[in-house]
Trainee: 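Take this structure, written in structure tokens, and hold onto it; I'll ask about it next.
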Protein chains: 2
Amino acid sequence: MSRTAPTVALNRTDKPPRKAAQNERIYEDMFAAILEQRLAPGTKLSEDTLGEIFGVSRTVIRTVLQRLAHERIVQIHPNRGAFVSEPTPDEAHEVLQARRLIEEGIVRMAVRNQTPTGIRDLRRSVSAERQSLDKGNHEAWVRLSGDFHLKLAVIAGNETLAAYVKELVSRTSLIIVQYQKGNLSPCSCAEHTDIIEAIEGGNEEQAVALMQAHLQACEDQLNLSDTEPKADLYSIFSKPSVKSGEVA
Amino acid sequence: MSRTAPTVALNRTDKPPRKAAQNERIYEDMFAAILEQRLAPGTKLSEDTLGEIFGVSRTVIRTVLQRLAHERIVQIHPNRGAFVSEPTPDEAHEVLQARRLIEEGIVRMAVRNQTPTGIRDLRRSVSAERQSLDKGNHEAWVRLSGDFHLKLAVIAGNETLAAYVKELVSRTSLIIVQYQKGNLSPCSCAEHTDIIEAIEGGNEEQAVALMQAHLQACEDQLNLSDTEPKADLYSIFSKPSVKSGEVA
DNA sequence: TAAAAAATTATTGTATACAAAATAAATAAA
DNA sequence: TTTATTTATTTTGTATACAATAATTTTTTA
């Protein structure tokens, strides 16, 4: 029963909450656990196990898993179970392409829609980002790095697009885990700062160009050419039946 | 029990299916029922009732409703139930704005990615659209009109963006139901045809301009200025407590 | 020993039962 | 008659039980 159990502590608050928004809390916890890489891509997410961990029945776990699946962070294989998504190289390219398109629009809208409060919030986000990088807190950095893009989307003032950006940023985190070349990418704080300044200065075209370059740099840092190491090992030793066809 | 029951026939096929992908079928049926306006915005979607109609338990209905809610076609109010979405004017503007942004990108990608088969498929879609319009089959026309944009997104070759377009097209249908000024909008078949020809001719900028104009025209045909008639009636007669605060 | 088949175990899919919340109805007070 | 309050009913939220499917182990056979 505890074979597929992630040994990581998932639930931050163990106090029995007054019923309401229970699944929301569990969703947040699992979302964070995946994005902060405490749950690696490919990990099986057993309903029973998660139910025990969070002290609820499978019913509510199921709801959360379905939500995460719709956001593409989790992949559900019928009759097989839910797994943390393992994005393919194609998917990775798609996500970054979608981000270049949508975030170009976000930047343009942010230039028109900006407020001093919003800009201050962005700067605070970047400084938190730099701090976590200095401390070597990789997990926090990944999260905060995404926060910048989320905040920008909020400033732009279109909730629908902001929701898409949230999804795409999450998926990007998973992609980076799987495909980043070097150990740690050269800090993108400077790029974020440059974007803020272009926006603040009302220089729309420059802000757009900077964002495009930033996202392109992000994709260029990935190693999307060859397949993942696991399958490689098998093909290297020329074993006939590769068993890792779970998440195609 | 049958008070909130939609009297419309929702299930096309009553034969007991061999278990698999049962919720998928129910999802498709409900999706179509909403988009073809057999289920009007604001309609309560009772779990018990739907369960009886489709011959399944609330469990599977719940799954479907949650999926539709994630796609913003249905709105779930905690402890109150699920309702067909009634998009606000703000939301309507957001959706059309998002479409202008995303479908501009779609058009550009479609120009680069086009194939003769794809173009033929598009033309077939438009001709089906025109036929249903000639026949006065409004429901079919709404659906086919959206199909054009969906097919274009598929040609563009980015599944993530295609999924977003699908969502936005669905929401647009709901918006049109609520806010379209005249009874029937001037046929957009011509505009669709023009877009196809610009794409086929490789004229990217023109194709983009046509798409932008098309979507702007769609928004311009809406009456987003004043609130919906229901609330107006109450305010006209200056009754104090308006009870229609369901879907804010 | 190795491969195939059968039986066992575990896990997901679905239905049902019960608890909590919200709505509707009925009664009481102004 | 209208408004408040209480009671009853309906409906959603959650847990649990059972069925169906997939994974694992054991047994059989070559």
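Each chain gets a letter, A, B and so on, in the order its sequence line appears, and its residues count up from 1.
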Trainee: In this structure, how many angstroms lie between the C1' atom of D:dT12 and the CG atom of B:L45, rounded?
Mentor: 14 Å

Trainee: Among D:dT14, D:dA17, D:dT11, which is the nearest nucleotide to the side chain of A:R58?
Mentor: D:dA17

Trainee: Separation of B:Q75 atom CD from D:dT12 atom C1', in whole Å?
Mentor: 17 Å

Trainee: Please give, in whole Å, the distance from D:dT11 P to B:E52 CD?
Mentor: 10 Å

Trainee: Can you classify the ring geometry of B:H70 versus A:H70 as parallel (below 30°), tilted (30 to 60°) or perpendicular (above 60°)?
Mentor: parallel

Trainee: On DNA chain D, does the nearest nucleotide to A:N79 precede the nearest nucleotide to A:T59 from the 5' side, or the other way round? Give the residue.
Mentor: A:T59

Trainee: Going by the rule salt bridge (Lys or Arg N to Asp or Glu O under 4.0 Å), which residues pair with A:E91 if we only count those two or more places apart in sequence or in a different chain?
Mentor: A:R171

Trainee: Measure the distance from NZ on B:K44 to P on C:dA22 and round it to the nearest whole Å.
Mentor: 13 Å

Trainee: Between C:dT12, D:dT12, D:dT16, spot the one nearest the side chain of A:S46, thanks.
Mentor: C:dT12

Trainee: Without decimals, in angstroms, what is the distance between B:E47 CD and C:dA22 C1'?
Mentor: 14 Å

Trainee: Rounding to a whole Å, what distance do you find between B:N23:CG and C:dT12:P?
Mentor: 16 Å

Trainee: Let's see if you can work this out: which of D:dT16, C:dA15, D:dT12 has an atom nearest to the side-chain heavy atoms of B:D48?
Mentor: D:dT12

Trainee: Mind calculating the distance between CD1 (A:I61) and P (D:dA15) to the nearest angstrom?
Mentor: 9 Å

Trainee: Considering only D:dA22, D:dT14, C:dT16, which nucleotide approaches the side chain of A:R80 most closely?
Mentor: D:dA22

Trainee: B:N137: which residues meet the side chain to side chain donor-acceptor pair (under 3.5 Å) condition with it, sequence neighbours left out?
Mentor: none

Trainee: Evaluate the ring planes of B:Y164 and A:Y164, with Trp represented by its six-membered ring, and classify them as parallel (under 30°), tilted (30 to 60°) or perpendicular (over 60°).
Mentor: parallel

Trainee: Please tell me which of the listed nucleotides, C:dT16, D:dT14, C:dA22, lies nearest to the side chain of A:Q22?
Mentor: D:dT14

Trainee: Does any non-hydrogen side-chain atom of A:Q180 lie less than 4.5 Å from one of A:Q221?
Mentor: no

Trainee: Strictly by Watson-Crick or wobble contacts shorter than 3.5 Å, is anything paired with C:dA30, and which nucleotide is it?
Mentor: D:dT1

